[in-house]
Protein chains: 2
Amino acid sequence: MDALGFTEHDHQHCISEALRTAEQTCADQGLQLTAQRRRVLEILLGEHRAMGAYEVLDVLRAEGLAAQPPTVYRALDFLVGNGFAHKIERLNAFVACAHPGERHAPAFLICSDCGTVAEMPSREIAQAVRGAAATLEFDVARMVIEAEGCCPECRAARAAG
Amino acid sequence: MDALGFTEHDHQHCISEALRTAEQTCADQGLQLTAQRRRVLEILLGEHRAMGAYEVLDVLRAEGLAAQPPTVYRALDFLVGNGFAHKIERLNAFVACAHPGERHAPAFLICSDCGTVAEMPSREIAQAVRGAAATLEFDVARMVIEAEGCCPECRAARAAG
DNA sequence: GGAAGGCGCGTTATATCGTAACGGCACGGC
DNA sequence: GCCGTGCCGTTACGATATAACGCGCCTTCC
Ligand SMILES: [Zn+2]
Ligand SMILES: [Zn+2]
Ligand SMILES: [Zn+2]
Ligand SMILES: [Zn+2]
């Protein structure tokens, strides 16, 4: 389970796979993946970066839909609430989940140069957070773990440039 | 170095100590802790929780000042930029630093019940994040580590109620 | 069949968070 | 004196997010 985003990959496959997983998960859990929700997920899947809600809205409008902010926020709430997307707090923006279906406390790498957002394995990080919290007798319900920096590609580009 | 916020403590001492440290650090580094910046820091220090910029603004106005949003944001930028305060991304709000002067990558515990925000030791968490990032050859420049949950006091209150 | 309730969604309006840009003033260097 | 720099007042605006109301489509229950 590696974190895509920084590596070359068959992105069409990446998208269709994620959609299929979302459909299956919704079917299993009695969730309604309506056309709009699905479309918003597709838009997020289109890029391995975080998109603002209004950016998604612009895409919908460019497709001829007369959408309003609540439309997008409702779709995003559904997607985030059911683990098909995540909110990147640092950017006030949203990204498709790289591991839908699996229960996970996500952790993200955000490249300041190219904007790519990768979801990385977080078990040890989550463990460290829970450990530190436990010494203060604090019960952790939810975590925000986001690291900003420079991705390998951009670092190489810098070195070359 | 424990994380205050969840424990009883002499809060007046806590405030004056932090202000003294800020004054000393500014003096050492040639930074100007102006009256406004100092006042905003005092306001943040007043509570062990995160305050929105406009909430700070309301306090200033209640004191008779004709302040505008940029006034507050400029003071907050100064305080955050120089390590006297932190932004809690999850809340779009600001909290006074519990360890000013020391270089640190902060990690926070946010009680969903009472709103208290505590800054906790983060060395091991930061280490775990850097480690996970390194396997993807990602250079981390800045981290956001925030855990939401229930503090010991509120847990006790729940159990009692 | 019809009442009742849940859910998704359209729509309007508004709340909340944050910044751009301009100009004035004070201070220190030269 | 003149200029650069940093701080701040002020106006206006941009970006992010939600409240509230109502409609249509279901399903449930009788
Ligand atoms: Zn992909
Ligand atoms: Zn990059
Ligand atoms: Zn205190
Ligand atoms: Zn609490």
Side-chain angles (χ1 to χ4, degrees), chain A residues 22-23 26-27 29-44 49-61 63-82 84-95 110 115 117 144 146, chain B residues 22-23 26-27 29-44 49-61 63-82 84-95 110 115 117 144 146:
Chain A
E23 277 164 2
C26 286
Q29 304 188 4
L31 302 171
Q32 298 180 236
L33 187 62
T34 63
Q36 271 186 111
R37 289 168 176 175
R38 188 191 154 101
R39 186 72 200 102
V40 170
L41 178 55
E42 281 175 9
I43 291 168
L44 292 182
R49 66 181 184 86
M51 297 181 73
Y54 280 71
E55 203 176 343
V56 173
L57 181 57
D58 288 343
V59 174
L60 291 177
R61 285 179 171 165
E63 293 174 356
L65 301 174
Q68 296 296 324
T71 301
V72 173
Y73 280 102
R74 286 196 280 235
L76 289 170
D77 284 350
F78 172 86
L79 295 173
V80 170
N82 293 290
F84 303 123
H86 301 291
K87 178 167 190 183
I88 307 298
E89 299 290 348
R90 170 72 185 162
L91 304 176
N92 292 321
F94 301 84
V95 69
I110 306 165
V117 172
V144 176
E146 298 167 1
Chain B
E23 277 163 2
C26 286
Q29 303 187 6
L31 302 171
Q32 298 181 237
L33 187 62
T34 63
Q36 270 186 110
R37 291 167 175 175
R38 187 191 154 100
R39 187 71 200 101
V40 170
L41 178 54
E42 281 175 8
I43 291 167
L44 292 182
R49 66 181 183 87
M51 296 181 74
Y54 279 72
E55 203 177 341
V56 173
L57 181 57
D58 287 343
V59 174
L60 291 178
R61 285 179 170 166
E63 293 174 355
L65 301 175
Q68 296 297 324
T71 302
V72 173
Y73 279 102
R74 285 196 280 234
L76 289 169
D77 284 350
F78 172 86
L79 295 173
V80 170
N82 293 289
F84 302 123
H86 301 291
K87 178 166 188 183
I88 306 298
E89 299 290 347
R90 170 72 185 164
L91 303 176
N92 292 322
F94 302 83
V95 69
I110 306 165
V117 172
V144 176
E146 298 167 2

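Naming: A, B, ... by sequence-line order, numbering from 1 per chain.
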A.B. asks: Angle class for the B:Y73/B:Y54 ring planes (parallel below 30°, perpendicular above 60°, tilted otherwise)?
C.D. replies: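 The arrangement is perpendicular - the two ring planes meet at more than 60°.
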
A.B. asks: Rounded to the nearest angstrom, tell me the gap between atom CG in A:L91 and atom P in C:dG18.
C.D. replies: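 After rounding, the reported distance stands at 13 Å.
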
A.B. asks: Using whole Å, what does the distance between atom C1' of nucleotide C:dT19 and atom CG of B:D77 come to?
C.D. replies: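 Result: 10 Å.
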
A.B. asks: Does any N or O in the side chain of A:E146 come within less than 3.5 Å of the main-chain N or O of A:E89, such that one atom is a donor and the other an acceptor?
C.D. replies: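 Flag set: sc A:E146 to bb A:E89 pair under 3.5 Å.
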
A.B. asks: At under 4.0 Å between heavy atoms, what does B:A66 touch on the DNA or RNA strands: base, sugar-phosphate, or nothing?
C.D. replies: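 Sugar-phosphate, no base atom in range.
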
A.B. asks: Expressed as a whole number of angstroms, how long is the span from B:E55:CD to C:dA15:C1'?
C.D. replies: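 In whole Å, C:dA15 C1' and B:E55 CD are 15 Å from each other.
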
A.B. asks: Round to a whole Å and report the spacing from CG of A:L33 to P of C:dG8.
C.D. replies: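 The distance from CG of A:L33 to P of C:dG8 comes to 11 Å, rounded to the nearest Å.
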
A.B. asks: Please tell me if A:T71 has a side-chain N or O lying less than 4.0 Å from either OP1 or OP2 of C:dC9.
C.D. replies: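 Looking at the OP1 and OP2 atoms of C:dC9, neither is under 4.0 Å from any side-chain N or O of A:T71.
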
A.B. asks: Can you check the B:Y54 OH to D:dT18 C1' distance for me, whole Å?
C.D. replies: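 Roughly 16 Å, once rounded to whole Å.
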
A.B. asks: Closest approach to the side chain of B:Q32, judged atom by atom: which nucleotide of C:dG18, C:dG8, D:dC7 is it?
C.D. replies: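 So the side chain of B:Q32 is nearest to D:dC7.
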
A.B. asks: Rounded to whole angstroms, how far apart are CG on B:L65 and P on D:dC8?
C.D. replies: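 Rounded to the whole Å, the gap is 12 Å.
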
A.B. asks: Would you mind classifying the nucleic acid contact of B:R74 as base, sugar-phosphate or nothing, using non-hydrogen atoms under 4.0 angstrom?
C.D. replies: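 If one applies the 4.0 Å heavy-atom cut-off, B:R74 turns out to touch a base.
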
A.B. asks: Counting heavy atoms from C-beta on, name the nucleotide in D:dC8, D:dA19, C:dG10 closest to the side chain of B:Q36.
C.D. replies: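 Nearest to the side-chain atoms of B:Q36, counting from C-beta on, is D:dC8.
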
A.B. asks: Could you work out which one of C:dC17, C:dT11, C:dG8 sits closest to the side chain of B:N92?
C.D. replies: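 Looking only at side-chain atoms, B:N92 lies closest to C:dC17.
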
A.B. asks: Return whichever of B:R37 or A:A53 has its heavy-atom-nearest nucleotide of DNA chain D closer to the 5' end.
C.D. replies: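 Taking each residue's closest nucleotide, the earlier one in sequence belongs to B:R37.
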
A.B. asks: Please confirm whether the backbone N or O of A:L60 pairs with a side-chain atom of A:R39, one donor and one acceptor, at under 3.5 Å?
C.D. replies: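 Not at all, since once roles are kept as given, no pair shorter than 3.5 Å links the two residues.
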
A.B. asks: Counting only side-chain heavy atoms from C-beta out, which of C:dT11, D:dC8, C:dG8 sits nearest to A:Q68?
C.D. replies: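 For A:Q68, the side-chain atoms sit closest to C:dT11.
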
A.B. asks: If only side-chain N and O atoms of A:Y73 are considered, is one of them under 4.0 Å from the OP1 or OP2 phosphate oxygen of D:dT18?
C.D. replies: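 Result: no.
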
A.B. asks: Check whether any side-chain heavy atom of A:T71 lies under 4.5 Å from a side-chain heavy atom of A:L65, and answer yes or no.
C.D. replies: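 A side-chain contact under 4.5 Å is absent here.
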
A.B. asks: Test side chain to side chain contact (heavy atoms under 4.5 Å, CB included) on A:N92 and A:K87; report intermediate values, then the result.
C.D. replies: CA-CA 7 Å; A:N92 292 321; A:K87 178 167 190 183; 4.2 Å; yes

A.B. asks: A:R61 has an atom CZ; how far is it from atom P of C:dT11, in whole Å?
C.D. replies: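 Rounded to whole Å, this separation is 11 Å.
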
A.B. asks: Between A:K87 and D:dA17, is there a side-chain N or O to OP1/OP2 distance below 4.0 Å?
C.D. replies: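 For D:dA17, OP1/OP2 do have a side-chain N/O of A:K87 under 4.0 Å.
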
A.B. asks: Rounding to an integer number of Å, can you tell me how far B:L76 CG sits from D:dC8 C1'?
C.D. replies: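 Spelled out: CG on B:L76 to C1' on D:dC8 is 15 Å.
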
A.B. asks: Taking only the side-chain heavy atoms of A:T34 (C-beta and beyond), determine which of C:dC9, D:dC7, C:dT19 contains the nearest atom.
C.D. replies: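 Minimum distance to the A:T34 side chain belongs to C:dC9.
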
